[in-house]
Amino acid sequence: PRALSICVRLSQGPVYLCASVPGPCLFVFKTRKHILSLSFFLEGTNRFEVTLEKSNKNFSKKIQQLFVVSQYKILVSLLENNIHVHDLLTFQQITVVSKARGATLFACHLQQSPSGEAQLRMCVAVKKKLQLYYWKDREFHELQGDFAAPDIPKSMAWCQNSICVGFKRDYYLIRMDGRGSIKELFPTGKQLEPWWPPGGVCTQKYALNWTDIPIAMEHQSPYIIAVLPRYVEIRTFEPRLLVQSVELQRPRFITSAGPNIVYVASNHFVWRLVPVSIASQIRQLLQDKQFELALQLANMKDDVEGDKRQQIHHIQNLYAFNLFCQKRFDDSMQVFAKLGTDPTHVIGLYPDLLPADYRKQLHYPNPLPSLSGAELEKAHLALIDYLTQKRSHLVKQLNDSEPSTPSPLMEGTPTIKSRKKLLQIIDTTLLKCYLHTNVALVSPLLRLDNNHCHIEESEYILKKAHKYSELIILYEKKGLHQKALQVLLDQSTKANSPLKGHERTVQYLQRLVLSWVLKICPEDGLKIFTEDLTEVETLPRDKVLNFLKEGFKELTIPYLEHIVHVWEETEPEFHNVLIQLYLERVQGLMKQYLNSLPEGVPAVAAGKEEGDLGEFRNKLLCFLEVSTSYEPGRLISDFPFDGLLEERAVLLGRMGKHEQALFIYVHVLKDTHMAEEYCHRHYDKETDRSQDVYLSLLRMYLSPPDVHCLGPIKMELLEPQANLMAALHVLELHHSKLNTTKAIDLLPANTQIREIRVFLESVLEEEAQRKRFDQVLKSLLQAEFLRVQEERIFHQQVKCIITEEKTCRVCKKKMGNSAFARYPNGVVVHYFCCKDRGVCPTEQ
């Protein structure tokens, strides 16, 4: 902004200044009762004609405050401690707010309703009370009841539906929501008079610092204009800049009459501040490299939307470039990423990353900074983050039909529209950056299936950096096997090379030949992993499995079958994977089988289907029953509730959930033979979980549980019915594996003795046999006990008397009180002299 010499000379100093919004009228009242109206009309460029429209020397004895409402053509004033309303054009009094007698301050606010109508609201301070009014039918009416204030207000301003009130030492925000809640904002100190702030919440971390104490302030976005004792100072919030200082003769007042209309008054003059055009300001700011402020002004311009957007984009590019020149690399890359700038233009900011011919075509606003050492590494790290983000975005769009449209950093600079070409430049640049910052990331980049590194350029820089291992990876991924083998051959004879020797060549050939053989002849290729050789059998089986799953999934089942059945692999993970692969095949074939069945024809039993379905389902069932290494708890969720029920029952049995398994056999499949076979496989009288499996079968026949108690089996089922005949059959055949008392308790109360006669006779006969067997066993044990007792008495009769004259047979010394040992033939020796318990010393 620039202040112009638009000056009105006054005979006496003004004490208040206000202006109409919008409109040319400026009101100044001086001394205590004189009011006048001035008009400013633009004559030419930066020249105004000033006309005295009206003057009233006897307006009031004491004028304290004025507010112009041009929409209603009224002038609201505080005269002799009361609120008056006058006509704006004639100064004729319209009304007086009688309730506001004794007022010391007021604040007006013109609010736009959702319908577009303007509503004038007014808050009046009367001692320690705040009164609220609204304007209607040429009168002020009470809006709501009075609010109590903590002190006498010194200044007030509306802030949406709140009033910001400045007291002697504090600012408060009082909500006009019917409750009058009060929020303390901040203190002002002991000496400074308070002045109303623009809002109720602190939006800036750091306050503006003025060169002197401001007397008054106005906000003309994006500028804050403050009246200081000797001049007018203009600053910005973000960034914090001193934009301009306008030297005036003791300015005192400032008021705004709308966008770009500001008046300043002193004791004897009135000035109007006229801003330079936004276009001129932007040009100057760009020269001064104040891009953030230039962006704010560009957003305020009333240009055509396309031109406005283009200019903003241009300024943002300049801003990002300036951040890079200031060596704020991370901030610069973030701005470039948001703008969609051509990545090659960003890469061109760095030395030696683009081909020289293409780099010469790029132009930049200013010379590029010189980077080296730690600064260059920091810059490379920022570029890596930027390129990684751009790469991910481009890879996702690679199959899109629409071409890429990156924007240039400088207008007129060529851009690359091909996504594949951009990816090639990005990946090659990432390779160079990794070599400068983190070599460990080079190999993962080259191993990517979709890596687009330029072969010749990458080859050159890897050789220059002596990264031959990484060069091999590049050749392998690009299918240049002859070059890879030549490098391996050259490096195998060099003493300090990481590729010295033949091992790496062998590994490369193995991978190369392996992939070729598996593709041409999968069955013969599989022998590479299943041949009956020690070297083959000791290969890491998890790595082989992953290799086959990634590229040759059809070979995973034969490989797993071989290591499980032939090599007797017991690792649970291999068994789990084999079951899951069987299940995938069975489910796929099952859909085809069920769709091919004619309507009304039932499906055959599990594992008895024709073709591949029967083969794989039979394999699945057999493996579930035979294998003891898989984890049923992990696999059960893969088996559906509405099919493959035989397999699900096997898994439930392995988990010890016998009742759920038997429910499937008895009430879903309705196959009592399979139920009995299940009990036969799982019965074990030594374990608590399996000793009552036949009792569970009996319970399933006599007292079938509710369907929903045993899991969500999604089938159309009839209500399970009791089957007494099947239960009696179980009693007769398997009475020895049942707890007789529990079994009888399960029988219905109306069961006839004759119906269970065979069962009871078998139980009684078995109990009689057990009794006779126990009696014979008891007699035998008693006889054995008596024989042992007799032998014990015999051995206890033998005595060994040690006297003072008794000598050791070995050392010939007296026994004394030493520990001794006695041989079966009665020879006694010192315990220490007993070297061999099996050989008795003889007398010499």
Side-chain angles (χ1 to χ4, degrees), residues 568 570 626 628-629 653-654 656 658 676-699 730-747 756-844:
E568 299 180 349
T570 58
V626 171
T628 58
S629 299
R654 282 295 177 87
H658 300 303
E676 290 188 28
E677 286 292 324
Y678 174 88
C679 293
H680 176 71
R681 289 195 305 270
H682 288 275
Y683 174 75
D684 184 359
K685 65 178 181 179
E686 302 298 330
T687 60
D688 294 338
R689 199 166 62 172
S690 299
Q691 63 184 357
D692 288 334
V693 63
Y694 279 99
L695 191 66
S696 297
L697 177 60
L698 189 64
R699 185 181 298 108
V730 172
L731 287 174
E732 291 177 6
L733 292 182
H734 306 289
H735 59 86
S736 62
K737 301 169 187 175
L738 288 167
N739 183 302
T740 305
T741 305
K742 293 181 179 179
I744 292 175
D745 289 341
L746 288 175
L747 292 171
I756 58 173
R757 180 177 62 82
V758 176
F759 164 68
L760 292 176
E761 287 177 348
S762 300
V763 170
L764 291 173
E765 182 178 352
E766 185 176 317
E767 289 297 323
Q769 290 178 354
R770 183 180 294 112
K771 182 179 179 181
R772 289 192 295 272
F773 174 81
D774 290 345
Q775 287 174 341
V776 172
L777 180 62
K778 180 181 178 182
S779 299
L780 292 174
L781 291 174
Q782 181 66 25
E784 178 67 12
F785 172 75
L786 294 174
R787 185 189 66 77
V788 171
Q789 287 291 95
E790 183 180 355
E791 187 176 351
R792 177 182 63 80
I793 294 170
F794 171 76
H795 287 295
Q796 286 180 345
Q797 290 177 349
V798 178
K799 295 180 180 180
C800 178
I801 301 173
I802 306 297
T803 63
E804 293 181 356
E805 301 301 327
K806 191 74 171 177
T807 59
C808 174
R809 182 68 62 88
V810 175
C811 67
K812 309 302 181 180
K813 295 180 181 180
K814 292 184 178 181
M815 297 298 299
N817 295 326
S818 300
F820 63 90
R822 179 183 179 277
Y823 287 92
N825 60 0
V827 176
V828 178
V829 297
H830 286 114
Y831 182 77
F832 176 79
C833 297
C834 181
K835 303 299 182 181
D836 188 351
R837 296 183 181 183
V839 179
C840 180
T842 58
E843 294 186 8
Q844 297 179 356

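Computation of the quantities below employed the complete heavy-atom set of this structure, encompassing side-chain atoms and omitting hydrogens, waters and symmetry-equivalent molecules.
Considering NE2 of His795 and CD of Glu791, their distance stands at 4.5 Å, rounded to 0.5 Å. Interatomic distance, Leu777 CG to Arg772 CZ, rounded to the nearest 0.5 Å: 14.5 Å. With values rounded to the nearest 0.5 angstrom, His680 atom NE2 is found 6.5 Å from Glu677 atom CD. Atoms NZ and OG1, from Lys813 and Thr807 in turn, are 12.5 Å apart once rounded to the nearest 0.5 Å. Atom NZ of Lys778 sits about 11.0 Å away from atom NZ of Lys771, to the nearest 0.5 Å. Between the NZ atom of Lys685 and the CG atom of Asn739 there is a distance of 14.0 Å, given to the nearest 0.5 Å.
Lys737 and Tyr694 make their closest contact through CD-CE1, 3.4 Å (heavy atoms, listed as atom of the first residue, atom of the second, distance). The minimum heavy-atom distance linking Tyr823 with Arg837 is given by the pair CE2-O, 3.5 Å. When all heavy atoms are compared, the tightest approach of Arg654 to Thr628 is NH1-CA, 3.8 Å. Residues Pro841 and Arg809 come closest through the heavy atom pair O-NH1, 3.6 Å. Here the shortest heavy-atom pairing between Ala743 and Leu698 reads CB-CD2, 3.7 Å.
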Side chain to side chain contact (heavy atoms under 4.5 Å, CB included) between Val693 and Leu697, intermediate numbers included: CA-CA 6 Å; Val693 63; Leu697 177 60; over 6 Å; no
Pair Cys679-His658, side chain to side chain contact (heavy atoms under 4.5 Å, CB included): steps then yes or no: CA-CA 9 Å; Cys679 293; His658 300 303; over 6 Å; no
Phe759/His734 under side chain to side chain contact (heavy atoms under 4.5 Å, CB included): CA gap, chis, key distance, verdict: CA-CA 9 Å; Phe759 164 68; His734 306 289; over 6 Å; no
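Counting heavy atoms from C-beta on, the side chains of Thr740 and Glu766 never come closer than 4.5 Å.
The local environment of CD in Glu790 is sparse, with at most 12 non-hydrogen atoms from other residues, nucleotides or ligands closer than 6.0 Å. Counting heavy-atom neighbours within 6.0 Å of Arg792 CZ, excluding the residue itself, gives a total above 12. Within 6.0 Å of CG on Asn817 lie no more than 12 heavy atoms contributed by other residues, nucleotides or ligands. Surrounding CD of Glu804 are at most 12 heavy atoms belonging to other residues, nucleotides or ligands under 6.0 Å away. Residue Phe820 qualifies as open at atom CZ: its count of foreign heavy atoms under 6.0 Å is 12 or below. In the displayed structure, Gln789 atom CD is contacted under 6.0 Å by more than 12 heavy atoms of other residues, nucleotides or ligands.
In terms of modelled atom types and a separation under 3.5 Å, the side chain of His830 and the main chain of Lys814 share a donor-acceptor contact. For the pair Asp692 (side chain) and Leu695 (backbone), a donor-acceptor distance under 3.5 Å is absent.
Using a 4.0 Å cut-off between charged nitrogen and carboxylate oxygen, Arg770 and Glu767 count as a salt-bridge pair.
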